[in-house]
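Here's the structure we're looking at; comments come further down.
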Amino acid sequence: MRTILHSDLNNFYASVECVYDPSLRHRPMAVCGDPEARHGIVLAKNMLAKQAGVKTAEAIWQARQKCPDLVVVAPNHHRYLRFSRMIRQIYAEYTHKIEPFGMDEAWLDVSDHPMGGEAIANELRLRARQELGLTLSVGVSFNKVFAKLGSDMKKPDATTVISADNYRERVWPLPVGALLYVGPATRRKLAARNLRTIGDVARCAPETLRTALGKSGDMLWCYANGMDRSPVMELGESMPVKSVGNSMTTPEDMRSDPEARAVLLALSENVADRLRAKGLRGREVCLWVRDCELRSFTTQCRLRESTALASEIGRSAIQLFRCHYRWEKPIRSLGVSVSMLESEDSDVQLSIFGEADRVRRYELEGTLGEIRRRFGSTAIQRASILEGGYAATLGSVEACGTRFME
Ligand SMILES: [Mg+2]
C-alpha cells in the first residue's frame, strides 16, 4: 500500500506577508487584489481577520464592514513563489515524487521512506515552522484523494491520518462536496438523488452514479471507496507537456465577433490558470476554429516574450481570429492553446519583473486564478465574458473542454 502526503501551507499569502512584517500577526489583515480599485477582493486573510468573519473572494468594502480595522496588503507574487520553492526544497529531502497543486499545496509519495508517513508529516510541520515561519496542514493516506481530504480536515498546523482502517469512520460522514473535484453542480445532482455524504456515494450502486454523472460517476465511486490509484507525478514529469490548450463548443453557433471574443477570453483565462498551475509560460499562441460544417483550421503567432497572462493570450487569440476569419459560416467551436513552453523559474522571469505593469497584472491574474481553482471557474469572471452571454456555459470548460494538441 502506498503512503501519500498532501501538504497545504495555511493561509499562504497572508502568512508569507506576516513573515515579512511580523507586526501584521497581531492585527487582522488581508491580502487583496487591487486594493486601490473599488472592486478589489480578498485573496487571503490571517487568523484574526478570519475570526472577524472576513471571507476569501469577498469585496474589500464588505470585509471592512465586518472588520473596520482590517489592514489591507497588496499581493506580492514573487514572495509567494520564493516560499513555494523553499518548501518544495524541504519536501525534496524526503522524496523526489512531488506533485505541486498550485503554489501552496503538493502531494508527496513517501512510500519508500523508512520514517513512515505520520512521522514525516510531523517533521515537515516542525521544519516549516522553524525554517520558514509558516504552518502546514498535512493529510496522510494511502491515496491522493484521501490525503487531500485529510489536509483540509484540521487546520492550522496539524497532521490528519486517514488509513485503510479508519476511512469509513473519518471520511464517510463528511459531505460529498469535501471530495476533490466535486463542485456545486455535481453536488446538486447528487442531492437530487439524496446522496449527501461521501458514505452515501460509497455505498450506492455504481450504476446510479453513472446515470447521474456519466463517466465521472465511476471515478467518484472509486474515490469515495478509497480506490483512487492516480500516481503522484514527479517534479519534471509535467515538463514534457508540449502545449496547454482548451476548446469549447457553444450551445448555439457563434455568429458575431463579440460572441467569439467572449469565448476566446474565457478559454484564454482557463489556459492561463492551467499554465500557472503547472508553473509554465509559453511563447506561441495557437487558435483553432471549427465552423458549423465541421471544417477547421489552426493558425498561430509568436509573442515577444513568454507569458502566462490571460490578457496577453486572449489579445493574441482575438487578433489571430480577426486576421483569419471572414465569417463565411457560423462557428461551432473555438480553441486556444499556448506552446513553446518554458518553466516559470527560467531566466525570462527577469525581463518580466522588469516591467512594473506586467508584474502587477501577473500578480493579480495569479491570485484570481487561484480563487477560480478553489471556488470554481464561475467565482470570478471578467465583465467582457459576462457580456458575451456565455457565463452559464463557462463552468463546463474545465470539465468538458477537450484538450487539443496537448
Ligand atoms: Mg493553503
Side-chain angles (χ1 to χ4, degrees), residues 4-20 24-25 28-33 41-51 54-58 63 73 75-91 98-108 120-122 124-129 131-141 144-160 162 174 177-183 232 273-274 276-279 344 363 365-376 379-380:
I4 313 280
L5 309 188
H6 183 267
S7 180
D8 183 356
L9 287 154
N10 304 123
N11 310 323
F12 182 48
Y13 296 158
S15 304
V16 170
E17 296 303 333
C18 290
V19 171
Y20 280 88
L24 293 172
R25 282 182 209 280
M29 73 81 86
V31 177
C32 297
I41 49 156
V42 174
L43 303 166
K45 71 267 171 199
N46 69 2
M47 284 315 259
L48 289 173
K50 196 179 205 161
Q51 280 157 14
V54 173
K55 297 212 161 49
T56 301
E58 73 184 352
V73 178
N76 291 289
H77 214 67
H78 57 282
R79 288 183 178 174
Y80 313 142
L81 208 56
R82 182 164 166 250
F83 274 81
S84 175
R85 282 193 203 127
M86 290 196 290
I87 192 73
R88 274 178 214 169
Q89 273 165 12
I90 295 178
Y91 297 156
I98 303 167
E99 180 181 339
F101 188 59
M103 276 203 288
D104 60 330
E105 301 179 24
W107 281 283
L108 283 63
I120 295 175
N122 292 335
L124 287 175
R125 287 198 293 116
L126 182 73
R127 291 188 62 181
R129 236 172 21 235
E131 296 171 32
L132 306 181
L134 300 176
T135 61
L136 286 174
S137 290
V138 190
V140 184
S141 193
K144 281 167 75 179
V145 169
F146 283 178
K148 162 89 177 139
L149 194 67
S151 73
D152 286 333
M153 282 170 73
K154 222 161 136 207
K155 311 176 173 191
D157 200 10
T159 302
T160 303
I162 297 174
L174 298 174
L179 269 185
L180 187 61
Y181 307 122
V182 177
V232 173
D273 285 350
R274 285 180 32 217
R276 264 192 306 269
K278 291 176 199 280
E344 222 169 29
E363 310 224 322
E365 282 194 10
T367 39
L368 292 180
E370 197 72 3
I371 288 195
R372 276 192 294 270
R373 185 171 70 78
R374 281 167 198 283
F375 299 97
I380 296 164

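Order of listing sets the numbers, starting from 1, for every ligand and every atom in it. Side chains are part of it too, since the values below use all heavy atoms of this structure and drop only hydrogens, waters and symmetry mates. On a predicted model such as this, the values are computed, not experimentally measured, just so you know.
Of all non-hydrogen atoms in Ala147 and Ile4, the two that sit nearest each other are CB-O, 3.7 Å. Pairing each heavy atom of Leu132 with each of Phe83, the nearest pair is O-CE2, 3.6 Å.
At least one N/O/S atom of Leu9, from backbone or side chain, sits under 2.8 Å from the Mg ion (ligand 1). Metal site remark for the Mg ion (ligand 1): Glu105 contributes no N, O or S atom at a distance under 2.8 Å.
Neither side chain, Asp8 nor Ser137, offers a donor N or O lying under 3.5 Å from an acceptor on the other.
The N, O or S atom of Asp104 with the smallest distance to the Mg ion (ligand 1) is OD2. Within Asp8, the N, O or S atom lying nearest to the Mg ion (ligand 1) carries the name OD1.
In this structure, Asp152 pairs ionically with Lys155, as a charged nitrogen and a carboxylate oxygen lie closer than 4.0 Å.
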